[in-house]
Amino acid sequence: TDRQSAAKPHLWREYYVNVRRNRDTRPSLHFVMSYIELLGYSLSSNIEKHGEIKMTEAVLENPDLFDLTMSEEAQPLLDAVKKHIKENVDPITEEYFRLGEGRKEHWGYGEGQLELLETVKQKAKDSGLWNFFLPDADTGEGLSNLDYAFIANELGKSPLASETLNCSAPDTGNMEVLERVGTPEQKEQWLKPLLNGEIRSAFAMTEPGVPSSDAKNIGTQAVLDGDEWVINGEKYYISGAGDPRCKIMITMVKTSPDAPAHKQQSQILVPIDAKGVNILDGMEVFGHDDAPHGHMHIHFDNVRVPKENMLLGEGRGFEISQVRLGPGRIHHCMRSIGVAERALELMIRRSTTRHAFGRPIIQLGKNIELVSRARIEIDACRLMVLQAAKAMDTLGNKEARNYVSAIKAMVPEKVCTIIDQAIQIHGATGVSQWTPLARMYTSQRTLRLADGPDEVHHMVVGRNEVRKYEGQPYTAIDDKLVNK
C-alpha cells in the first residue's frame, strides 16, 4: 500500500545504519514501534509471496497490548500479597486441613477450622488486602485485569490464599455480576455479605441431560406466575453448593423458548434454602467429592422466587455471561500458572536431592530437559495470559474473546503436563497424600472442562483465524496451475 511504501524506506534505512554503526543486528525499540505504528497492523504475521510480510489486522492498532508491565500503583499490593501468604497463610495451611479430618459432618467443617480461617481473613482485611479482583470497581481496589493477573499468579501457589483475600471462585464471578448488573436491592441483600466474606455462593448452569458446553441447550425452565418465577429442572457439578456457608446461586434458566436462540436464556438469583431446591448428592471428581465445598447435583422442583430476582432482564443470560466468563477465565489461567510454578519447584527439589543409579535424579534420562521445557512453557503461558488480560482492559470483554479462548485452551493443558512430569519425578509419592501434586493434577484436569471445554475454545480461535482468509485465493500453488 502507499502507507507501507512511504513507511519502509525511512525506517529500514534507520535500521541498516544502526546495524552498520553498532554491529547490532537487533532493531531498536524505536524502529520496531514506529514501523508498527505507521502500518497499524498486527505482529501476527505470515510470510507471503516474494517474502513480503502480510500483517493481520487489529492487534497493533492498539500498541498498548504489548505493554504487559504491572502498574507502579499495584506493585506494593503484589508485595503485600506475597508477604501475607508467606507470613499468615502458609503457616496455618497444614493445620487447617488437619482440623477438617474426621469431622462430624461430612458436608461441614471441623471444630476450629473456620475460626482459624477467619483469623487469617481478618488479618487480610486489616491490611487492606480485600476484594481487589473487581476490575475498575468502587467496591474493590479498582485494579485492571492485567494488574490482578500478576496477583492471581501468586494466589495459585497456595490452596487457601484466594479465600483469605475473598478472591475465590465462584464468588469472584458472582460478585462481579452483581456489582455490574445487580439492582440496589440485590446488591444490598447478596453482594454486600459476599463482599464482606460472610457468605459463599454458587453458579448453577451445567445440566446432566444435555451438552451444556452449548449454553443454548440449557433446559431448566423458569415460568412467570404472577409475581414469582417458578423454576423446574436439574443441574449438576454446581461447585461450592455443598458449603454450609453457600446461601445464593446465580442460576441459568430458559425463560423465553420462542425467542431467538441467544435471547432464550436468563440468569436468576435462587436462595439455596428456597423450598424445592433439593440437593441430591455431591458429584465426585476423580473419585473425590471435595467436601465440604462440593460439586452438587441439584433438582429444582417448582422453586418459587420473586420476579425481582431476575438479573438485568429476561432473555439477557448470554449478555451477563460475557461479564463473568472473561475475567473468570483469566483468573483461572493465572492461578494455574502459579500452580505450575509450584509443581516445577517440587520437581526440581525432588530431583536434585534424591539419587538413583549413582547420580542425582535430575541427571537421569531427559529430566533436565523436562525442567527446561517446563520453564519455557510456563513463561510462554504467562505472557499469553497477561496479554489476554491487557486485551480485556484495552478492547473490552467481547473484543478480547479470542485472546481469552486461546489461553483457556492452552494453559490448563500445559499445566497438566508439567504436573504429570513432576508426579513422575516423585515416583509413588507423587500420587500420594504426602505432596499436593495429585490434588493439583485433578484440579487442572477438571479445568479443561470447566468454563467451556478445550474444544469450544479451540473452535473460537480456529474459526477466527479461518475468517481472516475467507475468499482469498491460494496463490502459492493456484497461480501455477494450467487448468484453473
What heavy-atom pair brings [X] and [Y] nearest, and what distance separates the two atoms?
X    : Y    : answer
T93  : P159 : CG2-CG, 3.9 Å
P271 : N309 : CD-ND2, 4.1 Å
Y441 : C416 : CE1-O, 3.7 Å
S168 : S162 : OG-C, 3.5 Å
M410 : C381 : CE-SG, 3.5 Å
L447 : S336 : CD2-OG, 3.3 Å

Does some side-chain heavy atom of [Y] sit less than 4.5 Å from a side-chain heavy atom of [X]?
X    : Y    : value
T429 : R350 : yes
S201 : W190 : no
L114 : R245 : yes
S321 : M252 : yes
L68  : L383 : yes
E72  : Q75  : no
L155 : Y148 : yes
M70  : L146 : no

With sequence neighbours excluded, tell me which residues meet side-chain hydrogen bond (donor to acceptor under 3.5 Å, both in side chains) with T69.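 For T69, the residues satisfying side-chain hydrogen bond (donor to acceptor under 3.5 Å, both in side chains) (neighbours in sequence not counted) are D67.
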
Backbone N/O of [Y] and side chain of [X]: donor-acceptor pair under 3.5 Å:
X    : Y    : result
N464 : V460 : no
R382 : I337 : no
Q444 : P412 : no
K125 : N196 : yes
K414 : I378 : no
S266 : G315 : yes
Q421 : N367 : no
K408 : G452 : yes
S443 : R439 : no
N166 : L195 : yes

Side chains of [X] and [Y], donor plus acceptor under 3.5 Å:
X    : Y    : answer
H288 : T442 : no
H295 : E284 : no
D420 : Q424 : no

Which value, rounded to the nearest 0.5 Å, describes the distance between [X] atom [atom1] and [Y] atom [atom2]?
X    : Y    : atom1 : atom2 : answer
H458 : E413 : NE2   : CD    : 6.0 Å
E465 : R463 : CD    : CZ    : 12.5 Å
D281 : D289 : CG    : CG    : 8.0 Å
D454 : R448 : CG    : CZ    : 4.0 Å
T164 : I92  : OG1   : CD1   : 8.0 Å
D451 : M205 : CG    : CE    : 9.0 Å

Between the side chains of [Y] and [X], is the shortest nitrogen-to-carboxylate-oxygen separation below 4.0 Å, so that they form an ion pair?
X    : Y    : result
D379 : R375 : yes
R180 : E176 : yes
E154 : R335 : no
E163 : R200 : yes
E369 : R373 : yes
R98  : E95  : yes

Give the C-alpha distance, both sets of side-chain angles, the deciding distance and a yes or no for side-chain contact (heavy atoms from CB on, under 4.5 Å) between L143 and E73. CA-CA 9 Å; L143 294 178; E73 296 80 8; over 6 Å; no

Only one of V177, T183, I268 passes side chain to side chain contact (heavy atoms under 4.5 Å, CB included) with L311; say which it is.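 The passing option is V177.
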
N/O donor to acceptor pairs below 3.5 angstrom from side-chain atoms of residues 211-222, sequence neighbours left out:
{"residue": "S212", "atom": "OG", "partner": "E207", "partner atom": "N", "Å": "2.9"}
{"residue": "S212", "atom": "OG", "partner": "E207", "partner atom": "O", "Å": "3.3"}
{"residue": "S212", "atom": "OG", "partner": "V210", "partner atom": "O", "Å": "3.4"}
{"residue": "D214", "atom": "OD1", "partner": "K216", "partner atom": "N", "Å": "3.2"}
{"residue": "D214", "atom": "OD1", "partner": "K216", "partner atom": "NZ", "Å": "3.1"}
{"residue": "N217", "atom": "ND2", "partner": "P211", "partner atom": "O", "Å": "3.0"}
{"residue": "T220", "atom": "OG1", "partner": "E207", "partner atom": "OE2", "Å": "2.7"}

side-chain contact (heavy atoms from CB on, under 4.5 Å) between K247 and D273: does it pass, once the steps are laid out? CA-CA 7 Å; K247 303 300 180 186; D273 61 356; over 6 Å; no

Look at the aromatic rings of Y96 and Y109 and report parallel, tilted or perpendicular, splitting at 30° and 60°.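 Ring orientation of Y96 relative to Y109: tilted.
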
Intermediate values then yes/no, side-chain contact (heavy atoms from CB on, under 4.5 Å), H457 and R329: CA-CA 11 Å; H457 296 292; R329 287 164 180 161; 3.5 Å; yes

Using the side-chain contact (heavy atoms from CB on, under 4.5 Å) rule, take F300 and T251 through it: C-alpha gap first, then chi angles, then the decisive distance, then the call. CA-CA 11 Å; F300 296 80; T251 306; 4.1 Å; yes

